[in-house]
> 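Here it is: the structure, laid out below.
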Amino acid sequence: MAEHEPCIGQSDDWYTPRDMLEALGERFDLDPCSPGAGHWVPADRVFTKADDGLAQEWAGFVFMNPPFGGRNGHVPWLEKFLQHGNGIAIVRAYTSAAWFHEYAVRADAMLFPRGKTKFVRPDGSVGGSPGHGVVLLAKGERAKAALRSSGLGLFVELEAGHD
Ligand SMILES: C[S@@+](CC[C@H](N)C(=O)[O-])C[C@H]1O[C@@H](n2cnc3c(N)ncnc32)[C@H](O)[C@@H]1O
C-alpha cells in the first residue's frame, strides 16, 4: 500500500506541493479545507476543521485538496465542489473507483500530472512515492485555463453535460 494511503482515517494532513500550486499560477479566493491561515495554498480565505468547510457557504475561486477522514470521506467534498462550480480540486486518480465515474467525470477538465505527486507533511517533510497518481479537476473557465497552461501534464477537456 502506498504511503499516502494508510493516512485514510489516520491523518488528513497531506499538503499540496508548492511547485504544483506555483505551476497553476493562481491566487484563490478560498481554501475550504485548510490547516489554517498562513498555510502555503495561496488563498485569501480559509476554512479549517474547526469551521467545518463542508457546512460553510463557499464563494469565489476555490482550491480544494479534501480531507479523507474515512473510506470515501472525500466524496461529499467533491459533490460540494462540483455544485459550487468554480475552482480546482485535487483527488486521487482512482479511475476504477465508482466515485471517480460518478463525480470526478463531472469536472469541465482534468489534468493528470506527470510523475507521482509527493504530498507534504505538517512538519515540512515530503512523503514517499504514492502508489497512485492524482488528478486535478477544473470547474469553470478560469480553472480550465489554469490547468491548460500549467504544463503539469496531460490536460483533458471533458464534454459538457455530465451534471
Ligand atoms: C489534505 S489536507 C489539504 C491542506 C491544504 N488545503 C493543501 O492543499 O495543502 C486537508 C486539510 O483539511 C483539514 N480539514 C479536515 N476536516 C475539515 C473540515 N471539516 N473542514 C475544513 N477543513 C478540514 C485538515 O485539517 C487538513 O489540513
> Does Arg121 count as lying over the ring of Tyr15, i.e. NZ or CZ under 6.0 Å from the six-ring centre, within 45 degrees of the axis?
no

> Do Val135 and Arg92 come close enough that some side-chain heavy atom pair is under 4.5 Å?
no

> Please report the closest heavy-atom contact between Phe119 and Pro17, naming both atoms and the distance.
CD2-CD, 4.3 Å

> I'd like to know if Leu21 and Val46 are part of one continuous hydrophobic network [Ile/Leu/Val/Met/Phe/Trp/Tyr, side-chain heavy atoms within less than 4.5 Å].
no

> For the pair Asp29 and Arg45, find out whether any cationic side-chain nitrogen is under 4.0 Å from an anionic carboxylate oxygen.
no

> Is the backbone of Gly128 close enough, under 3.5 Å, to the side chain of Lys116 for a donor and an acceptor to pair up by distance?
no

> What distance separates Met20 CE from Asn65 CG, expressed to the nearest 0.5 Å?
9.5 Å

> Is any side-chain heavy atom of Cys33 closer than 4.5 Å to one of Met64?
yes

> Which atom pairs, one a donor and one an acceptor, fall under 3.5 Å between side chains of residues 96-104 and the rest of the protein, sequence neighbours left out?
{"from": "His101", "atom 1": "NE2", "to": "Thr95", "atom 2": "O", "distance (Å)": "2.5"}

> Restricting to non-hydrogen atoms, name the atom on Val126 and the atom on Lys118 that form the minimum distance, rounded to 0.1 Å.
CG1-CB, 3.6 Å

> Dump the intermediate steps for side chain to side chain contact (heavy atoms under 4.5 Å, CB included) on Leu137 and Leu78, then the final yes or no.
CA-CA 10 Å; Leu137 307 177; Leu78 252 185; 3.6 Å; yes

> Under a 4.5 Å cut-off applied to non-hydrogen side-chain atoms, are His74 and Pro67 in contact?
no

> Using a 4.5 Å cut-off on heavy atoms from C-beta on, say whether the side chain of Leu136 contacts that of Leu152.
yes

> Would Val62 and Phe28 satisfy side chain to side chain contact (heavy atoms under 4.5 Å, CB included), going step by step from the backbone distance to the final call?
CA-CA 6 Å; Val62 162; Phe28 297 88; 5.8 Å; no

> I'd like to check Arg114 versus Leu154 (side-chain heavy atoms, cut-off strictly below 4.5 Å). Are they in contact?
no

> So, using side-chain hydrogen bond (donor to acceptor under 3.5 Å, both in side chains) as the criterion, who are the partners of Asp123 when residues are at least two apart?
Ser125

> If I compare all heavy atoms of Leu111 with all of Leu147, which pair ends up nearest, and what's the gap?
CD1-O, 3.2 Å

> Just to verify, which of Leu30, Asp31, Asp52 counts as forming a side-chain contact (heavy atoms from CB on, under 4.5 Å) with Phe47?
Leu30

> To check you understand the geometry: which heavy-atom pair defines the closest contact between Ser34 and His39, and what is its length?
OG-CB, 4.3 Å

> Give the minimum heavy-atom separation between Pro66 and Val91, together with the two atoms involved.
CG-CG1, 4.2 Å

> Please name all residues satisfying side-chain hydrogen bond (donor to acceptor under 3.5 Å, both in side chains) with Lys144, sequence neighbours left out, ordered by chain then number.
Glu141, Glu157

> Do the side chain of Trp58 and the main chain of Lys80 share a donor and acceptor less than 3.5 angstrom apart?
no

> Mind listing the closest non-hydrogen atom pair of Arg27 and Arg142 along with its distance?
O-NH2, 2.9 Å

> About how many Å separate CD of Glu26 and OG of Ser149, when rounded to the nearest 0.5 Å?
8.0 Å

> Are side-chain heavy atoms of Phe112 and Val134 found at a separation under 4.5 Å?
no

> Let me confirm one number: the CG-CZ distance from Asp44 to Phe61, rounded to the nearest 0.5 Å.
12.0 Å

